Amino acid sequence: IGKTSLDEQINLITQIKKRIQIFNDKPLTVNSTASFAAIDTLFKDSNCDYAFVVNHENTCVGVITKMHMDIARITDNFSALSVFHFMTPIDKIKCFKQYDYDWLKLIDTPPPKAIFDQFKDTGMSFIPILNNFNKLLGVISIKDIIFFHQHKPNIVFDKFGRLLAAVYI
């Protein structure tokens with residue numbers, strides 16, 4: 001890391017921890033009644049290009065991406081629309097169920113071919129993981145899988161799967 005402050009080193013370790021997770025159990029979500037402006041702000045603040053849409057029961061009902069936002073911008077009266085009007089419904093998205101794989105084992109072994117096939121076949125860069133009631137449990141992204149496996153030789157975990165890190169003072 002070189003001659004950086006302790007705060008800079010902690011920030012770097014935090015960024016690395018976020019990047020090496022294959023299964024994100026806290027994906028970005030937005031309520032199905034959220035306004036266009038609220039979603040636009042959320043995307044800018046979070047530096048994320050997609051969010052899962054949940055209803056009042058916290059059930060995943062769809063996904064909204066920056067592409068959806070760009071399309072909505074060219075429609076009449078887009079600012080009056082809620083996310084529900086221009087999201088992709090969950091039944092149009094390939095999802096995995098929590099019991100399809102042991103998602104935490106993706107740290108130890110490469111993902112099964114079926115996961116890569118879904119990324120390839122759908123053209124989406126992420127796949128949501130749902131329970132039987134369509135509650136969003138997490139998301140896997142191809143970018144995170146590739147990053148993790150490219151850098152895995154340089155990453156050390158403890159016996160509980162937590163990243164081991166050190167700072168230089």
Side-chain angles (χ1 to χ4, degrees), residues 14-107 109-152 161 163:
T14 302
Q15 289 176 7
I16 291 170
K17 285 177 75 170
K18 286 180 184 176
R19 287 296 313 270
I20 63 166
Q21 63 181 4
I22 292 177
F23 179 81
N24 177 358
D25 62 349
K26 293 181 179 85
L28 193 60
T29 60
V30 62
N31 191 286
S32 60
T33 60
S35 69
F36 181 89
I39 298 164
D40 207 26
T41 301
L42 181 69
F43 280 157
K44 288 176 184 168
D45 292 347
S46 68
N47 197 24
C48 191
D49 57 358
Y50 63 89
F52 292 96
V53 182
V54 295
N55 65 14
H56 63 282
E57 296 172 343
N58 209 30
T59 300
C60 188
V61 295
V63 67
I64 184 79
T65 66
K66 284 188 177 181
M67 181 186 70
H68 289 101
M69 301 294 286
D70 292 340
I71 291 169
R73 277 186 182 83
I74 60 174
T75 63
D76 289 335
N77 204 19
F78 71 88
S79 60
L81 298 174
S82 70
V83 66
F84 195 78
H85 293 99
F86 51 94
M87 69 175 193
T88 298
I90 197 69
D91 61 346
K92 304 277 189 219
I93 302 169
K94 171 58 184 169
C95 301
F96 283 112
K97 295 293 185 177
Q98 74 185 99
Y99 51 76
D100 287 339
Y101 299 101
D102 184 352
W103 298 104
L104 298 178
K105 286 201 178 214
L106 290 178
I107 289 175
T109 60
K113 184 178 180 305
I115 292 175
F116 288 115
D117 288 345
Q118 289 304 319
F119 284 122
K120 183 180 67 160
D121 294 346
T122 63
M124 294 180 71
S125 63
F126 56 87
I127 299 175
I129 313 299
L130 306 173
N131 71 9
N132 286 339
F133 305 103
N134 278 0
K135 302 289 185 189
L136 183 64
L137 301 175
V139 64
I140 57 173
S141 80
I142 191 66
K143 181 172 62 173
D144 291 339
I145 290 171
I146 290 169
F147 181 89
F148 177 81
H149 284 283
Q150 284 177 338
H151 293 86
K152 188 175 178 180
L163 175 68

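Start at 1 with the first residue, then count along the sequence. What you see is a predicted model; the values in this text were computed from it and never measured. Any value given below was found using the heavy atoms of this structure, including those in side chains, with hydrogens, waters and symmetry copies removed.
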Should Val54 and Thr59 count as side-chain neighbours, where that means a heavy-atom distance under 4.5 Å? no
Side chains of Asn134 and Lys97: closer than 4.5 Å at any heavy-atom pair? yes
Are the side chains of Ser125 and Ser141 in touch, meaning some heavy atoms are under 4.5 Å apart? no
Can you check side-chain contact (heavy atoms from CB on, under 4.5 Å) on Leu130 and Leu136, steps first, answer last? CA-CA 5 Å; Leu130 306 173; Leu136 183 64; 3.9 Å; yes
Check Ile64 against Phe43 and note the closest heavy-atom contact, atom names and distance. O-CZ, 3.6 Å
Work out which heavy atom in Ile93 is nearest to a heavy atom in Gly62; give both atom names and the distance. CD1-C, 4.3 Å
More than 12 heavy atoms of other residues, nucleotides or ligands under 6.0 Å from CZ of Phe86: is that the case? yes
Using a 3.5 Å distance criterion without hydrogens, assess whether the side chain of Ser46 forms a donor-acceptor pair with backbone atoms of Leu42. yes
Could you tell me how the ring of Phe52 sits relative to the ring of Phe126: parallel (under 30°), tilted (30 to 60°) or perpendicular (over 60°)? perpendicular
To the nearest 0.5 Å, tell me how far Thr65 OG1 sits from Tyr50 OH. 11.5 Å
Measure across Asn55 and Ser32 and return the closest heavy-atom pair with its distance rounded to 0.1 Å. CA-OG, 3.9 Å
Show the nearest heavy-atom pair for residues His68 and Met87, with the distance to one decimal. NE2-C, 4.0 Å
Rounded distance (nearest 0.5 Å) linking atom CG of Leu137 with atom CG of Asn24: 12.0 Å
Short N-O contact, Lys44 and Asp40, less than 4.0 angstrom: yes
So which heavy atom on Pro27 is nearest to which on Val139, and how close? CB-CG1, 3.7 Å
If you compare all heavy atoms of Asn58 against all heavy atoms of Lys135, which two are closest, and at what distance to 0.1 Å? O-CD, 3.4 Å
